[in-house]
Protein chains: 2
Amino acid sequence: MKIDPKNKSDLSAQIAKAIRDSIISGDMIVDERLPSESELADQFDVSRPTVREALKRLAAQNLIRTQRGATGGAFVRRLSYDEAYAQHITTSTLLLSMNAVDFETACEARFALERACAPLSAKRRTPDHLATMRAEIHRQAQPGLSDERFCDSDVAFHRALVDGADNPVLSYQLAGAVEAMQPLMNMITFTQRNRDVIIGLHTRIADALEMKNSADADEALAELTAYTLTLGEEAMEARARR
Amino acid sequence: MKIDPKNKSDLSAQIAKAIRDSIISGDMIVDERLPSESELADQFDVSRPTVREALKRLAAQNLIRTQRGATGGAFVRRLSYDEAYAQHITTSTLLLSMNAVDFETACEARFALERACAPLSAKRRTPDHLATMRAEIHRQAQPGLSDERFCDSDVAFHRALVDGADNPVLSYQLAGAVEAMQPLMNMITFTQRNRDVIIGLHTRIADALEMKNSADADEALAELTAYTLTLGEEAMEARARR
DNA sequence: CTGTCTAAAATGTCAGACAATTAAACGCAC
DNA sequence: GTGCGTTTAATTGTCTGACATTTTAGACAG
């Protein structure tokens with residue numbers, strides 16, 4: 001670990017990078033304790049507040065955890081699946097909204113990836129996954145459900161589909177595409193007729209997965225893709241006219 | 001923006017969360033200036049160093065940028081595609097290595113997602129993408145290429161395949177699966193015979209995409225999946241015996 | 001041997017100060 | 001009035017020193 005003393009600005013960023021590199025490279029293993037803040041301050045020849053800013057940067061990326069007390073300090077943290085999952089969704093959502101990714105692009109990506117999961121999900125889905133999907137379909141059919149709740153349920157349905165593939169790496173990567181689309185989906189007004197079509201397709205998907213019929217699931221997903229695209233286009237047009 | 005004064009610990013985390021929420025919710029738009037550190041310190045009733053630690057957390061997530069000088073301050077930052085991409089790869093790689101995801105799972109996810117891209121790539125790939133793929137195939141055939149370089153080239157080839165789909169959302173999500181597998185791929189020793197098989201399949205894929213023949217590409221990818229899995233299993237066995 | 005108390009170590013926070021940087025405001029010559 | 005250099009004010013970056021809080025380990029008394 002060392003920093004460039006010539007570059008006087010952004011000391012805390014440099015220190016954070018130095019420590020981050022030794023974590024990523026594997027020099028420091030999980031649960032290993034970093035030197036104390038004072039020691040780090042001495043090593044890098046900066047003040048303790050500067051070291052602390054660097055450590056907060058790492059904490060923000062879930063790379064370390066800190067613990068107070070006599071045996072306390074900063075420890076390399078095992079990146080938990082749930083945290084990474086949550087962070088991935090946040091980042092994906094921001095990326096879409098801040099860079100004005102259009103509905104078509106996001107939708108295409110989302111369903112292309114979901115269709116990649118369908119064959120695996122047909123093979124491995126458990127009764128639990130099917131039950132979740134059925135429950136969400138039932139929820140989607142409830143009268144008086146707000147558009148936002150309908151979208152929530154839609155996401156939950158598709159998450160069950162993806163999780164059915166029983167591959168955490170797939171679930172993780174898919175989360176970014178499926179959940180990040182929610183703000184875009186929320187712009188759509190779902191009429192009763194829209195909902196009926198979607199629920200019908202969801203039912204076909206659930207049936208297909210239950211029968212382990214991958215081809216049917218794929219076909220229904222393809223139709224759902226096309227239908228969602230249509231709805232999105234209409235919503236965008238309505239928004240443009242207003 | 002407000003924080004819980006009862007919970008005395010982790011003030012900087014609370015402040016970071018408060019600011020992050022107003023960025024994510026859209027209350028603060030891109031390039032909007034945050035109050036100065038002193039003003040934030042007053043608002044939250046904490047000291048400036050504490051505010052600074054909070055701001056560093058946000059800076060670590062690329063949510064803000066800071067600028068010195070008279071009109072300086074902290075500004076909401078447009079999350080750039082490249083930064084998010086790089087961060088996504090880092091996180092995915094760490095997630096895989098720290099949680100000991102097995103080769104099979106990662107491999108399955110990677111190729112399932114790639115196969116989702118193939119039809120789109122067959123439709124939209126540009127001559128540029130094809131040229132990149134051909135160049136990487138040529139590089140892979142060079143004698144004396146180290147295993148690591150071979151893997152690098154493999155990743156570059158597949159990235160071109162994915163980018164050919166011309167969907168940034170897909171490219172972004174796929175990056176996590178493709179690039180994060182590199183450390184696992186690096187454990188494999190690629191014999192000349194292994195390489196010949198892989199290069200053959202790569203050539204089939206490139207040919208299929210050039211002909212816009214999506215079915216052929218999918219078939220070659222399926223074979224590549226199976227072959228990579230075999231290589232991975234052998235590598236794991238060899239590692240276990242040692 | 002056991003329980004309690006104290007001390008030490010570490011992070012969390014604060015206050016105040018100075019340095020560095022940047023742009024706007026100002027003043028002055030032309 | 002205009003243009004250019006200078007000053008000045010605002011803001012972040014950093015440092016010093018201090019105190020608060022939390023937690024453990026060890027000393028000590030019973």
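These numbers come from the heavy atoms of this one structure, side chains and all, not from hydrogens, waters or symmetry mates. Computed from a prediction, not measured in an experiment: that's the story for all the values here. Residue numbering restarts at 1 for every chain, and letters A, B, ... go by the order of the sequence lines.
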Sequence neighbours excluded, the answer for side-chain contact (heavy atoms from CB on, under 4.5 Å) partners of A:Ala160 is A:Thr132, A:Met133

Partners of A:Ala60 by side-chain contact (heavy atoms from CB on, under 4.5 Å), sequence neighbours excluded?
-> B:Arg57, B:Ala60, B:Gln61

Phosphate-side-chain proximity, B:Ser38 and D:dT11, N/O vs OP1/OP2 below 4.0 Å = no

Which pairs count as ring-ring contact (aromatic ring centres under 6.0 Å, His included) when at least one residue sits in residues 162-190 of chain A, sequence neighbours excluded?
-> A:His88-A:Tyr172, A:Phe150-A:Phe190

Shorter than 3.5 Å, N or O on both sides, protein versus nucleotides 2-4 of chain C: list them out with atom names.
none

Using heavy atoms and a sub-4.0 Å distance, could you list which residues of residues 49-56 of chain A are near DNA chain C? By number, please.
-> A:Arg52, A:Lys56

Quick one: list whatever passes side-chain contact (heavy atoms from CB on, under 4.5 Å) with A:Asp27, sequence neighbours left out.
-> A:Ser22, A:Ser25

Considering only side-chain heavy atoms of B:Ser12, which listed nucleotide, C:dT13, D:dC15, C:dC14, is closest?
-> C:dT13

Residues two or more places apart in sequence or in another chain: which of them pass side chain to side chain donor-acceptor pair (under 3.5 Å) with B:Asp166?
-> none

Dump the pairs, protein N or O against N or O of nucleotides 18-20 of chain C, anything under 3.5 Å, distances to one decimal.
residue: C:dA20; atom: O4'; partner: B:Arg68; partner atom: NH2; Å: 3.2
residue: C:dA20; atom: O3'; partner: B:Arg68; partner atom: NH2; Å: 3.4

Applying ring-ring contact (aromatic ring centres under 6.0 Å, His included), name anything that partners B:Tyr85, two or more places apart in sequence or on another chain.
-> B:Tyr81

OP1 or OP2 of C:dC14 less than 4.0 angstrom from a side-chain nitrogen or oxygen of B:Ser47, does that happen here?
-> yes

Across all chains, not counting sequence neighbours, the side chain to side chain donor-acceptor pair (under 3.5 Å) partners of B:Ser36 are none

With A:Asp82, which residues qualify under side chain to side chain donor-acceptor pair (under 3.5 Å), at least two apart?
-> none

Sorted by chain and residue number, the side chain to side chain donor-acceptor pair (under 3.5 Å) partners of B:Asp154 (sequence neighbours excluded) come out as B:Arg110, B:His158, B:His202

